[in-house]
Enquirer: 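Sharing a structure below in structure tokens format, with a few things to ask.
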There are 2 protein chains.
Amino acid sequence: MAQAGDGSRATPRAARLDDVDRRLLDLLRRDARAPVSELARAVNLSPGPVSRRIDRLERIGVIKGYVTVVDDRAAGDLDAFTEIRLTGDTETGELEQLLRGIEEVQNVFTIAGDPDVLVRLRVHDVDHLQRVVNRIRRTGRTTHTKTLIVMRDWARGEDLDD
Amino acid sequence: MAQAGDGSRATPRAARLDDVDRRLLDLLRRDARAPVSELARAVNLSPGPVSRRIDRLERIGVIKGYVTVVDDRAAGDLDAFTEIRLTGDTETGELEQLLRGIEEVQNVFTIAGDPDVLVRLRVHDVDHLQRVVNRIRRTGRTTHTKTLIVMRDWARGEDLDD
DNA sequence: TCTGAAAGGATTTCACT
DNA sequence: AGTGAAATCCTTTCAGA
């Protein structure tokens with residue numbers, strides 16, 4: 001924000017926040033869509049001032065935004081892996097660049113052996129998957145593809161339980 | 001959610017989402033507080049159906065929640081480090097347990113040498129800092145503390161720029 | 001499953017404290 | 001900096017297509 005977008009931050013001119021501001025932030029952290037009227041009740045104030053405080057917190061940058069947490073998998077999206085073998089005259093780095101331009105491509109793993117490349121895809125349904133795979137084949141850089149649909153997955157540290 | 005909170009997920013019974021649902025999700029991802037009326041305009045629908053669709057997306061778990069992104073540093077909070085030397089009869093693991101019970105404590109680094117322990121704190125202001133440091137001293141496990149206030153920091157991969 | 005309208009709330013503004 | 005009321009706007013429900 002100050003020095004350039006390098007991730008560093010100087011200590012900001014202390015925005016004086018009182019207890020009410022902090023409680024509003026706590027409440028909004030848990031439910032960004034909470035109505036002002038409800039927040040007002042929770043902090044024993046009328047809606048007017050609460051609305052003004054939230055405006056201020058947004059203006060001075062304490063509130064950076066409101067985001068919705070979406071479960072892509074519950075959205076019916078599916079994960080798939082496509083194994084790719086390249087044509088003899090294609091370098092792996094070349095295909096990687098092409099793949100990165102396809103929005104459904106989540107990861108590109110270059111493999112030592114067979115296949116040459118493993119691509120992780122996130123698609124809406126199998127039709128969509130087929131279109132994406134065809135698009136990859138149409139680059140003319142592949143001799144063979146094989147697609148695997150993920151049925152279940154696991155990742156460490158992804159327990160965002162309520 | 002299903003198998004236990006172990007972070008694993010089986011592929012869910014495909015919730016049929018259409019294009020309108022996906023665009024609503026995109027819009028809500030960027031601004032969780034966007035009014036239904038505004039979303040309705042964006043997807044060329046009247047507010048009624050949009051309201052119903054959002055309800056449904058929440059019910060079937062595609063929308064997991066709405067959160068507010070708060071910049072603690074802009075909130076006027078400050079980071080501090082406290083160096084601690086222990087009394088002769090205290091083990092480092094013992095103090096670590098005590099420190100973990102203090103909510104302002106963000107990290108506890110046990111040091112080979114002098115000091116024995118380095119604690120990272122997140123507090124609202126210097127008064128608050130003093131209270132927390134005193135609380136640590138009152139454990140009776142420390143012979144000496146020295147507190148450093150962070151003026152600027154940097155971390156890799158924390159550029160959440162707009 | 002949408003539109004359009006109506007009822008019920010929520011948000012914001014304003015005069016006053 | 002908060003209250004209470006007024007005006008505006010938003011959300012939800014319901015009849016009809």
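Here is the naming used below: chain letters follow the sequence lines, and residue numbers restart at 1 for every chain. Everything numeric in this text was worked out from a predicted model, so none of it was measured.
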Enquirer: How long is the line joining CG of Leu39(A) and P of dG9(C), in whole Å?
Expert: 19 Å

Enquirer: Going 5' to 3' along nucleotides 1-17 of chain D, which nucleotides have protein heavy atoms under 4.0 Å from the base (write B), which only from the sugar-phosphate (write S), and which from neither (write -)?
Expert: SBB------SSBB----

Enquirer: Would you say Glu103(B) has more than 12 foreign heavy atoms packed within less than 6.0 Å of its CD?
Expert: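 No, CD of Glu103(B) has 12 or fewer neighbouring heavy atoms, counting only those of other groups under 6.0 Å.
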
Enquirer: Can you establish whether the number of heavy atoms outside Gln106(B) located under 6.0 Å from its atom CD is more than 12?
Expert: yes

Enquirer: Of Asp55(A), Leu25(A), Leu24(A), which is the lone residue that meets side chain to side chain contact (heavy atoms under 4.5 Å, CB included) with Ile63(A)?
Expert: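 Among Asp55(A), Leu25(A), Leu24(A), the one meeting side chain to side chain contact (heavy atoms under 4.5 Å, CB included) with Ile63(A) is Leu25(A).
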
Enquirer: Any sub-3.5 Å donor-acceptor pair from Arg120(A)'s side-chain atoms to Asp79(A)'s backbone N or O?
Expert: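 No, Arg120(A) side chain to Asp79(A) backbone: no donor-acceptor pair under 3.5 Å.
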
Enquirer: Applying side-chain contact (heavy atoms from CB on, under 4.5 Å), can you list everything that pairs with Arg23(B), at least two apart in sequence or on another chain?
Expert: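 With neighbours one apart ignored, the set is Val43(B).
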
